[in-house]
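Everything below concerns the one structure shown next.
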Amino acid sequence: MPDYNKLTNLAKDCGFTNYAPLDIATLHFMEEVRDMCNPGKCDRYDTSWSCPPACASLEEMRRRVLSYDAGLLVQTVGQIEDSYDWDGIMETGTRHKINFGHMYDELRKDNPSVLAMGAGACSLCETCAYPDSPCRYPDRASASMEACGLFVSKVCTDNGLAYNYGRDKIAFTSCFLV
Ligand code: SF4
């Protein structure tokens, strides 16, 4: 089993607001969630190696998680004026991506095979190399939990972590499997 003290301390140091041990058995890769990535529903479809149709299939995700013992859910929660506060939402999302990148880099030092699922499409490059060239950073790129077919709010509640923090807060959620 992973050292959760070490993992949660790292999550805290990386700037996440909340974190919780993730039980692999609660990860269900669902077609109906991935369908939200389809053309007409998300403008990132077919624009990134980290998004459908290029990212790992649900079947591949089901197979991949079998080799992990456990994981950690991480959240960045930000204050917003209301659900129309786009600047506040974007600022929290950017902060989450920075936190996520730091943690992923740190975890890979001891666990080269760590599996990370983020919030939103991979944004490591200003413009994704898809589809003309291979991914520039295949060991650092990550698909979103939703693109992997995970119903994020359910994963959170199944693991004792809130998903909705009220009208004046926004939460971005990601996870790492080790
Ligand atoms: S690392 Fe760059 S090329 Fe690879 S998926 Fe992310 S944005 Fe695209």
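In this chain, numbering begins with 1 at the start of the sequence shown. These figures come from a predicted structure and were not determined experimentally. Note that ligands are numbered from 1 as they come in the structure, with each ligand's atoms numbered from 1 the same way.
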Exercise. Taking atom CE of M90 as the centre, report whether more than 12 heavy atoms of other residues, nucleotides or ligands fall under 6.0 Å from it.
Key: no
Name every donor-acceptor pair, under 3.5 Å, that has one atom in a side chain of residues 113-130 and the other anywhere in the protein, sequence neighbours excluded.
from	atom 1	to	atom 2	distance (Å)
Y130	OH	D46	OD1	2.3

Quiz item: Protein N, O or S atoms less than 2.8 Å from atom 4 (Fe) of ligand 1, ignoring waters?
Solution: C135 SG
Quiz prompt | Short N-O contact, R95 and E91, less than 4.0 angstrom | solution = yes
Quiz item: For residues 58-91, which residue pairs qualify under ring-ring contact (aromatic ring centres under 6.0 Å, His included), counting only residues two or more places apart or in two chains?
Solution: none
Exercise. Please check if atom OH in Y4 has more than 12 non-hydrogen atoms from other residues, nucleotides or ligands closer than 6.0 Å.
Key: yes
Quiz item: R64: what forms a salt bridge (charged side-chain N to carboxylate O under 4.0 Å, His left out) with it, not counting sequence neighbours?
Solution: E60
